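Please read the structure below before turning to the comments.
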Amino acid sequence: MILYVVRRLTAGLVLAVLVTVITYLLLSISFDDVVRTLVGGDATPGQLAAQKAAMGLDRPLVTQYLDWLSHAVRGDFGASYFTSEPVRTAITARLGVTLSIVVVALLLTCVLSVMLGVTAATRGGVVDRIAQGASMVGYLIPNLLIAIALVYVLAIKLHIFPATGYTPFAENPGRWAASIAIPVVALMTGGIASLTAQIRGAMIGELRKDYVRTLRTRGIPTRSIVLRHALRNAAGPALTVLSLEFIQMLGGALIIEQVFALPGFGQYAFNASLQGDVPIIMGIGLFGVLLVVIVNLVVDLVNGWLNPKARTVH
């Protein structure tokens with residue numbers, strides 16, 4: 001198990017290097033535009049060259065990247081070109097906002113999907129058709145459209161939740177919950193659709209297996225068979241889908257935070273991309289890759305704990 005964790009972390013570091021290399025190469029195309037924005041549109045060629053040299057952007061790209069990487073491994077991601085704010089400080093301050101939305105949405109998605117998927121698989125009939133219909137609706141309606149509809153109904157018309165803004169949990173837990181309620185619902189609709197379908201299909205397959213019939217002939221209660229045996233065996237594929245949903249929700253936060261004016265990771269990345277703020281974009285790319293690697297590793301470890309057969313694969 002330890003060797004597997006080391007291999008996964010090593011692969012994650014290689015992936016992080018590849019992503020940051022590609023990102024830096026793509027950003028290098030706009031270096032001249034960034035320098036011109038900083039100096040001003042009426043700057044002379046000499047002023048532009050001097051500013052570019054001061055920022056270290058006149059060096060070979062390989063040298064620039066290796067210099068950034070050598071600082072990054074020590075936790076120094078540089079400072080914003082436009083605000084001079086340290087990138088690590090800025091990202092960690094905003095990451096909590098995004099993770100509070102994504103983690104809550106992920107937990108609710110998991111709970112509701114398990115309830116709907118298990119109920120649909122065990123009861124069938126009308127309940128199953130309703131669950132499948134709800135999943136189809138979740139697939140077809142974009143998160144952005146759901147967010148706009150929720151804002152119009154719950155914030156503008158009914159005044160139940162605020163339309164925009166964010167309140168930190170430490171400041172006021174009640175207002176924090178209200179400020180993330182609509183973004184969370186908007187993020188989780190698509191996730192519930194795909195995860196419910198996955199759990200339903202996996203549970204139907206498990207309930208048709210021989211060991212389930214054997215357990216029933218021994219008089220073991222149906223509830224115990226479903227929750228302690230079938231659901232545990234069906235959890236592996238569902239966990240994989242859940243990890244993919246986490247990645248999708250991180251991407252969805254980019255749009256959701258713009259709609260609700262949330263000072264999070266996604267909004268920060270969006271604004272930095274518009275400005276071409278290289279240190280911020282590089283730092284965000286690295287943080288994003290590391291988050292994905294850690295989540296996938298945790299999912300694999302949990303899957304190995306739930307299903308001992310999965311451990312032998314690794």
Side-chain angles (χ1 to χ4, degrees), residues 9 12 16 19-20 23 71-80 82-111 143-144 147 150-151 155 161-191 242-275 277 279-299 302:
L9 290 177
V19 169
T20 52
T23 302
H71 286 82
V73 296
R74 298 194 297 267
D76 179 12
F77 302 102
S80 168
F82 296 90
T83 65
S84 298
E85 182 182 15
V87 173
R88 186 177 66 176
T89 302
I91 290 178
T92 52
R94 292 164 174 82
L95 191 59
V97 178
T98 300
L99 287 181
S100 67
I101 300 169
V102 172
V103 170
V104 171
L106 201 68
L107 290 175
L108 290 177
T109 297
C110 184
V111 172
N143 287 351
L144 181 59
L150 290 173
V151 168
F161 300 109
T164 58
Y166 176 82
T167 301
F169 180 85
E171 181 178 318
N172 190 313
R175 290 184 180 178
W176 167 80
S179 66
I180 69 169
I182 299 179
V184 163
V185 174
L187 273 181
M188 61 189 283
T189 49
L242 194 64
S243 65
L244 295 176
E245 286 302 323
F246 175 81
I247 299 171
Q248 185 174 344
M249 286 180 181
L250 277 179
L254 179 69
I255 299 174
I256 294 298
E257 288 177 3
Q258 291 295 317
V259 173
F260 295 98
L262 300 174
F265 191 72
Q267 188 185 61
Y268 192 53
F270 181 79
N271 293 333
S273 299
L274 291 179
Q275 294 177 319
D277 204 331
I280 293 177
I281 297 173
M282 292 295 292
I284 287 173
L286 182 58
F287 266 75
V289 171
L290 293 179
L291 274 176
V292 171
V293 169
I294 292 172
V295 168
N296 284 331
L297 178 59
V298 171
V299 166
V302 173

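One is the number of the first residue; the rest follow in order along the sequence. This one's a predicted model, so the numbers in the text were calculated from it and none came from an experiment. Scope of the values below: all heavy atoms of this structure, side chains included, with no hydrogens, waters or symmetry mates.
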- Non-hydrogen atoms of S179 and W176 that approach each other most closely: OG-O, 2.8 Å
- Item | Any V111 side-chain heavy atom under 4.5 Å of L107 side chain | no
- Task: On the 0 to 90° scale, with breaks at 30° and 60°, tag the F265-F287 ring pair as parallel, tilted or perpendicular.
- Result: tilted
- Just how far is it from atom CG of L254 to atom OG1 of T98, taken to the nearest 0.5 Å? 9.5 Å
- Task: Determine the minimum heavy-atom distance between A79 and P279, stating which atoms define it.
- Result: O-CG, 3.2 Å
- Enter the distance from L262:CG to I101:CD1 here, rounded to the nearest 0.5 Å. 4.5 Å
- Do you know which two heavy atoms are closest between I256 and A147, and how far apart they sit? CD1-CB, 4.1 Å
- Message: Quick check: closest heavy atoms across S80 and V87, and the distance to 0.1 Å?
- Response: N-CG2, 4.1 Å
- Task: Locate the shortest heavy-atom distance separating G12 from V293; write the atom from each residue and the value.
- Result: CA-CG2, 3.7 Å
- Task: Using a cut-off of 6.0 Å, state whether more than 12 heavy atoms not belonging to Q248 lie near its atom CD.
- Result: no
- Is a side-chain N or O of S100 found less than 3.5 angstrom from the main chain of V97, in a donor-acceptor match? yes
- Would you say the side chain of T20 lies within less than 4.5 Å of the side chain of M282, judging by non-hydrogen atoms? yes
- How many angstroms lie between atom CE of M249 and atom OG1 of T109, to the nearest 0.5 angstrom? 3.5 Å
- Message: For the CG atom of L106 and the CG atom of L99, what is their distance to the nearest 0.5 Å?
- Response: 11.0 Å
- Task: Report yes if the side chains of V151 and F260 come closer than 4.5 Å at any heavy-atom pair, otherwise no.
- Result: yes
- Note on the structure: So CG of D277 and CD1 of I284: to nearest 0.5 Å the spacing works out to 9.0 Å
- Item | Spatial distance of atom CD1 (I281) from atom CG (L286) [nearest 0.5 Å] | 14.0 Å
- Task: Quick one: closest heavy-atom pair of F161 and A178, and the distance?
- Result: CD2-O, 3.7 Å
